[in-house]
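Worksheet for the structure shown next.
Just so it is clear, the values below take in all heavy atoms, side chains as well, and ignore hydrogens, waters and symmetry mates.
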Amino acid sequence: MATVKETMNQLMKDGGEGGDESCPAATQDITINLKNRAKAITDAAYGPENPDLPNTAFWKKKADEWEVSVEDAKTSRCGNCAAFNQDDSMLDCIEKGIGGEGDAEEFIEKGDLGYCEIFDFKCAASRTCDAWVTESDEDDDYEAGENSAMEGGDMDDKSMPMLVIKIGHKK
């Protein structure tokens with residue numbers, strides 16, 4: 001397991017070819033990545049374990065929680081989540097972290113990997129979780145609920161959130 005000093009050193013490292021940007025620790029340290037992924041599995045039901053299988057029970061549970069059809073639930077994937085980062089610089093970080101463990105580009109491509117900005121781990125585009133985030137626009141029919149950042153009246157009635165985090169249900 002990485003020490004705090006090792007983790008801080010990784011955070012301070014240069015993330016690429018001459019840039020000032022550093023790579024997230026979870027892209028460089030498998031222990032941190034697995035710990036953060038486990039938290040996403042436990043806290044936000046990240047899954048399914050094998051997206052190539054039908055996973056009927058998994059998607060039925062998501063659909064029930066979000067109050068949508070199974071088909072609609074299956075459209076809310078990490079790959080179209082606003083927190084899923086596949087920028088070139090992030091993919092370079094992921095590749096650098098995989099390093100000599102085989103063909104890094106092939107791993108990234110086959111897993112359609114990106115970086116989850118919510119739970120800080122390397123994430124597969126074909127999965128989902130309860131913290132799936134969508135970008136909002138003026139035409140969205142958004143209603144603040146009990147898990148909403150808009151609850152409590154801190155925002156005026158005409159302002160729309162830039163992001164809507166759908167935890168537990170979808171209108």
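Rounding to the nearest 0.5 Å gives a distance of 10.0 Å between SG of Cys129 and CG of Asp43. Interatomic distance, Thr56 OG1 to Lys61 NZ, rounded to the nearest 0.5 Å: 15.0 Å. To the nearest 0.5 Å, atom CZ of residue Arg37 and atom CG of residue Asp120 are 14.5 Å apart. In this structure, the separation between CG on Asp92 and CD1 on Ile108 is 8.0 Å, given to the nearest 0.5 Å. Atom CD1 of Ile98 and atom CZ of Phe107 lie 7.0 Å apart (nearest 0.5 Å). For the atom pair NZ of Lys35 and CG of Asp29, the computed distance is 10.5 Å after rounding to the nearest 0.5 Å.
Of the possible donor and acceptor atoms, none in the side chain of Asp87 sits under 3.5 Å from a partner among the backbone N and O of Ser89. In this structure, the side chain of Arg127 engages the main chain of Glu49 through a donor-acceptor pair within 3.5 Å. In terms of modelled atom types and a separation under 3.5 Å, the side chain of Thr27 and the main chain of Pro24 share a donor-acceptor contact. Checked by atom type and distance alone, the side chain of Asn55 pairs as donor or acceptor with a backbone atom of Asn50 at under 3.5 Å.
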(request) Decide side chain to side chain contact (heavy atoms under 4.5 Å, CB included) for Phe58 and Val70; before the verdict, give the C-alpha distance in whole Å, the side-chain angles of both, and the deciding distance to 0.1 Å. (result) CA-CA 10 Å; Phe58 176 88; Val70 171; over 6 Å; no
(request) Under the side chain to side chain contact (heavy atoms under 4.5 Å, CB included) rule, what do Trp132 and Cys78 come out as? Steps first, then yes or no, please. (result) CA-CA 7 Å; Trp132 185 82; Cys78 294; 5.9 Å; no
(request) Go through the steps for Asp112 and Gln86 under the test side chain to side chain contact (heavy atoms under 4.5 Å, CB included), then give the verdict. (result) CA-CA 9 Å; Asp112 199 5; Gln86 282 187 316; 2.9 Å; yes
(message) With side chain to side chain contact (heavy atoms under 4.5 Å, CB included) as the criterion, how do Met90 and Glu117 come out once you've worked through the C-alpha distance, each side chain's angles and the decisive distance to 0.1 Å?
(response) CA-CA 11 Å; Met90 186 59 71; Glu117 299 283 352; 4.0 Å; yes
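Trp66 and Asp72 are not linked by any side-chain donor-acceptor pair at a separation below 3.5 angstrom, with hydrogens and angles left out of the test. Side-chain atoms of Gln28 and Asn33 include no donor-acceptor pair closer than 3.5 Å.
Few gaps surround CZ on Arg77; more than 12 heavy atoms of other groups in view lie less than 6.0 Å from it.
Across Phe84 and Gly79, no two heavy atoms sit closer than the pair CD2-CA, 3.7 Å. Here the shortest heavy-atom pairing between Ala104 and Glu95 reads CB-CG, 3.6 Å. Contact record, Ala40 with Phe121: CB-CE2, 3.7 Å, taken as the closest heavy-atom pair. Summarising the geometry of Leu113 relative to Leu91, their closest heavy-atom pair is O-CD2, 3.5 Å, with the distance given to 0.1 Å. In terms of heavy-atom proximity, Ile118 sits nearest to Ala131 at CD1-O, 3.4 Å. Closest of all the heavy-atom pairs between Pro48 and Trp59 is CD-CZ2, 4.0 Å.
Salt-bridge annotation for Asp64 and Lys60: present, with a side-chain N of the basic residue lying under 4.0 Å from a carboxylate O of the acidic one. Lys62 has a carboxylate O that lies under 4.0 Å from a charged side-chain N of Asp130, or vice versa, which qualifies the two as a salt bridge.
Taken as a pair, Cys23 and Cys93 meet the criterion of an SG-SG distance shorter than 2.5 angstrom.
By the 4.5 Å heavy-atom criterion applied to side chains, Cys116 and Tyr46 are not counted as neighbours.
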